[in-house]
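Single-structure report; data block below.
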Amino acid sequence: MTLKWTQVCLLEEILPNTGCCALYNQMQIAIFRVDSSEQLYAVQNYDPLGEANVLSRGIVGDVNGELVVASPLYKHHYSLKTGKCLEDETVQIQTYPIRVENGRVELGTVSSH
Amino acid sequence: MRDAHRPNIIVIGNGMVGQKLLENLVEAEVHKQFNILTFSEEPRPAYDRVALSSFFSGNRAEDLSLVPEGFFQQNGIGLQLSEAVTEIDRAKKEVCTEAGNRYTYELLILATGSYPFVPPLPGRDRKHCYVYRTIEDLEAIAACGKQSQIGVVVGGGLLGLEAAKALKDMDLETHVVEFAPRLMAVQVDEIGGQLLRSKIEALGVQVHTQKNSKEIVDGNQHLHRINFVDGEHLETDMIVFSAGIRPQDALARQCDLALGERGGIVINDHCQTSDTSIYAIGECALWQNRIFGLVAPGYQMAKVAAEHIAGGSAAFTGADMSTKLKLLGVDVASVGDAHARTEGARCFNYLDEIKGVYKKVVVDAKRERLLGAVLVGDAEEYGTLLQMTLNDMPLPENVDSLILPHYDGSGMTGLGVDALPESAQICSCNNVSKGDICQAVGSGATTLAAIKEATKASTTCGGCTALVGQVLNAELLKLGVEVNTDICEHFPHTRQELYHIVRINNIQTFAELIEKHGKGRGCDICKPAVASILASCWNQYILKPEHSQLQDTNDRFLANMQKNGTYSVVPRVPGGEITPDKLIAIGEVAKKYDLYTKITGGQRIDLFGARLEQLPAIWEELIAAGFESGHAYGKAMRTVKSCVGSTWCRYGVQDSVSMAIQIENRYRGVRSPHKLKLAVSGCTRECAEAQSKDVGVIATEKGWNLYVCGNGGMKPRHADLLASDLDDQTLIQYIDRFLMFYIRTADRLQRTSVWLDNLEGGIDYVRQVVCEDSLSIATELENDMQSLIDSYVCEWRYTVENEEERKRFSHFVNSSEPDSGVQFVKERGQIRPASTDELQQIPTQAIN
């Protein structure tokens, strides 16, 4: 399985411990930068419990050691690593491969070839 | 719901005790078997006679009401106001009212209370001579006070000093005339009486003891002249008789019930009179040759009578007559055998003439038990001493430690509550025992506010708040319940502690705080809380890169997120006053961006449906039209609502709009533990609903009354009166101090109402801190507030003017397209978010 990487923005465009939303293949993807490192996480921007495209505007933090974003609508916590909702284990959001290359933020999709 | 087949219970008198009886009857479901009918000669249902004097410091008749809304209707109880019962026919079991109506009864309860005793001196019926018992009496006194210079109170007891305060509050030259050699002769001893007198005289009230009034005649300079037996005299414009009470037993006398030698309706342990179908309760009743002139014993009688009527066998076993009160600002308390009349009793005294504090404890001959106490000037130990006396608790080794000052600040908490029996009555107003409180703690009530809600303890006079707090803490300790007050897993501190850490250590960023005083990365609990503390302390632009990540989305984008991810926009409209041009400007912005508009409860205009990327442009136009941020998105001072005030209104007595604007502009942008709503009303009609606000200001003819800690919303709470008749400058000074004290000490997201309910000492404590500066922090609080005011900047102006900041208001980092998930439909000529069903009908490309 190979990943195709596409640049969506620059690392410097994302403030440490905040998120932004990228439009990628007609999908809304929330990207979070943890601390001032190059450690990024990408999940779907749509909050399935709040029913709106807002996750990128949530607060980043940790709950019992798990990195999470808290949805700004009803404060549901989603794991940045697994996409699992901490309050409702039946709910899970999509996560995406992401990396930083020379200051460029790149999202990965499975290459169709 | 009257049912002709049911027998009648008639209750004569709807005072505090009569009303309590009705509530107890309803609780026991007696109202389902009987028709209950109650008569009152007064024109209004039961009100808090104990707090009657607060009528003069700003409270209105409605504020004193004791009747829950809809009580009579919901429970099918008939209430006849202004209709005195004039006759009881025991043979026919019938009562007759002054209107000539007759009603039969199965059971009759006399709750007729007492009447004020007026000494039988010639001239006592002259005009401008009053008694002090009902709201009508007070209204007459208030009216007369306006045209008087001098007022005399005849009677230097508890009620007399209450009346003196009322006259003092009306700015009259006030005199108290007492027959006995000292004030409050029943409750306090010689030294206590002396100290009380000097304190009251220092307030400008002139005290005349050992004065036997002979007659009242025409005065030379004033309306009246009181001649005393000793040849001296006193001239005055008005006289208030407050020389004690007598049981109102006229009806019982008329129908030949057994009475005491000096009056009072004789009752047995079930509160039955000599006719077993007639009960008597409260101040009209005589039990074992004693009249109980306090409300708590009256409540106990009401409970006993109700239980007996419901078929129980409850018994009245007497009541403790200990009291604690504040008279003209002086704390006075009397416990048990205050005069050491028990044989062999010995006393310990403590007198500090500089601070004006006197304390005495009375112990038995063997020095094993406490018999009584007198406290003047400082009554802090009242609760403990009362419990020790009532529960026969053993004395500590050093008896004097009970009354000597505690310079180590340890107080007396170590002495007490564990040793109290379960049955110890902690709250006498609502008859709540230690056992009741422990049970509530066991059921999960772990805060003072929760205890109050569960047990009603400390919700009437508040005198037992400290003791309730001690029982709560001791019980939590005993149960091993660790109440974790940490703000979250990242900080082992409360919000109050974090506030102090930030301020004392001059901490400017979250990163510094969590590194030195916390652990982990923080979360959506501590980050916004710390952001708020930093803003309350240093007032920096909240979207600086180091602060931006801490903010909840509303603060982060300076607007209120709505359910579909769009935002609403609220420009500040100080005091709710707005020019036509500004109204038009808002309308034009709303029209241009197709925003839904709605008038808010805080007298502003809310513009809904703005997309994230539209916010800077919208604000650019609003700012150009002269608006600034309304902080509707922040845990911050929101609005100051006002009525139109004396400028336009026929009834207004002050310019409420100008004051509201001044206050709103003063505190705009101030961030706090939770949102703050304020209001200013221009007269007592209170059209701005100031008493439902965190800070409410109501105009009086002399200035402003300041109310605090009110709330609307989910748990409505009437605000408490903090101070009366303030001038403009003092009003602002007190609000500065109050707000800053709240900001310092409240928990995260704790509104002022809950904050107050959890504060030991309650409103009295807040008054001491804010008005009397008991903690010596007033200047500090004012300075802290001034620095917030001086550093105010409109966040939206700053944001709009900075290109870097504006850039972040974009839905996508890599595209200028809008969020296609946001769709609107029209309703009543305006947009609203499309429902989930409607969204599916709308063709979209990228929803998730």
Side-chain angles (χ1 to χ4, degrees), chain A residues 6-11 13-36 43-48 50-77 80 86 93-94 105 107, chain B residues 488-490 510-511 514 519-528 531 543-557 560-567 611-612 804 807-823 833-836 839 844-848:
Chain A
T6 312
Q7 178 188 337
V8 288
C9 64
L10 300 175
L11 183 65
E13 289 179 281
I14 314 174
L15 283 176
N17 290 315
T18 68
C20 67
C21 177
L23 185 60
Y24 176 70
N25 285 348
Q26 297 308 311
M27 293 186 296
Q28 294 196 18
I29 295 172
I31 298 169
F32 299 97
R33 178 178 179 190
V34 174
D35 302 336
S36 35
V43 300
Q44 72 184 53
N45 193 38
Y46 185 74
D47 172 3
E51 299 186 353
N53 296 310
V54 294
L55 286 182
S56 65
R57 300 176 216 162
I59 290 178
V60 178
D62 60 356
V63 173
N64 296 323
E66 176 107 42
L67 274 174
V68 293
V69 60
S71 169
L73 280 168
Y74 302 109
K75 317 292 174 199
H76 293 108
H77 296 88
L80 292 182
L86 268 51
I93 57 173
Q94 189 68 49
V105 175
L107 282 166
Chain B
C488 68
E489 61 179 277
H490 302 100
F510 180 82
I514 199 162
K519 60 170 197 252
R521 301 171 188 280
C523 64
D524 55 309
I525 304 287
C526 60
K527 282 183 168 185
L543 298 185
K544 283 173 82 168
E546 61 267 39
H547 301 323
S548 180
Q549 54 144 321
L550 311 174
Q551 313 293 351
D552 254 325
T553 189
N554 286 2
D555 267 325
R556 179 133 170 248
F557 297 107
N560 295 48
M561 183 185 271
Q562 303 299 332
K563 61 191 288 184
N564 63 348
T566 62
Y567 292 86
R611 295 167 190 273
L612 183 59
E804 270 308 298
K807 265 205 284 192
R808 280 188 288 114
F809 290 82
S810 160
H811 185 68
F812 293 113
V813 67
N814 58 346
S815 163
S816 56
E817 274 187 46
D819 172 6
S820 59
V822 171
Q823 300 291 342
S835 67
T836 317
L839 271 178
T844 54
Q845 288 182 309
I847 288 180
N848 53 44

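Protein chains get the first letters and strands the later ones, always in sequence-line order, with residue 1 at the start of each.
Closest approach of A/R57 to B/Y567, counting heavy atoms only: NH1-OH, 3.0 Å. The minimum heavy-atom distance linking A/G58 with A/P72 is given by the pair CA-CD, 3.8 Å.
Taking B/Q551, B/H811, B/R556, B/M561 one by one and counting their heavy-atom pairs under 4.5 Å with chain A, the maximum is reached by B/H811. Most heavy-atom pairs under 4.5 Å with chain B: of the set A/H77, A/E51, A/Q7, A/Q94, this distinction falls to A/H77. Contact tally against chain B (heavy-atom pairs below 4.5 Å) for A/C21, A/A52, A/G50: the top residue is A/C21. No other option in A/P48, A/A22, A/A70 has as many heavy-atom pairs under 4.5 Å with chain B as A/A22. Considering only heavy-atom pairs separated by less than 4.5 Å from chain A, the leading option among B/C488, B/S815, B/G522 is B/G522. Among A/D62, A/V54, A/I59, the residue with the largest count of heavy-atom pairs under 4.5 Å with chain B is A/D62.
Proximity to chain A (any heavy atom under 4.5 Å) is shown, for B/S810, by neither the backbone nor the side chain. Contacts between A/N45 and chain B at a heavy-atom distance below 4.5 Å involve the side chain alone, from C-beta outward. Heavy-atom distances place the backbone of A/P16, and not its side chain, under 4.5 Å from chain B. Of the atoms belonging to B/Q562, it is backbone heavy atoms, and not side-chain ones, that fall under 4.5 Å from chain A. Proximity to chain B is limited to the side chain of A/L67, based on heavy atoms less than 4.5 angstrom apart. In this structure, chain A has a heavy atom under 4.5 Å from the side chain of B/L612, while its backbone stays farther away. Of the atoms belonging to A/N25, not a single heavy atom falls under 4.5 Å from chain B.
Listed by chain and number, the residues in a salt bridge (Lys or Arg N to Asp or Glu O under 4.0 Å) with B/D552 are A/K75 (sequence neighbours excluded). Partners of B/R611 by salt bridge (Lys or Arg N to Asp or Glu O under 4.0 Å), not counting sequence neighbours: none found.
Here the side chains of B/T566 and B/P833 are not in contact, with every heavy-atom distance at 4.5 Å or above.
When each of A/V68, A/V69, A/I93 is tested with A/L80 by the rule side chain to side chain contact (heavy atoms under 4.5 Å, CB included), just one qualifies, namely A/V69.
A distance of 7.5 Å separates CZ in B/R521 from CG in A/N17, rounded to the nearest 0.5 Å.
Remark: the backbone N or O of A/L15 is paired with a side-chain donor or acceptor of A/T18 at under 3.5 angstrom. With hydrogens and angles disregarded, a donor-acceptor distance shorter than 3.5 Å links the side chain of B/K527 to the backbone of A/V60.
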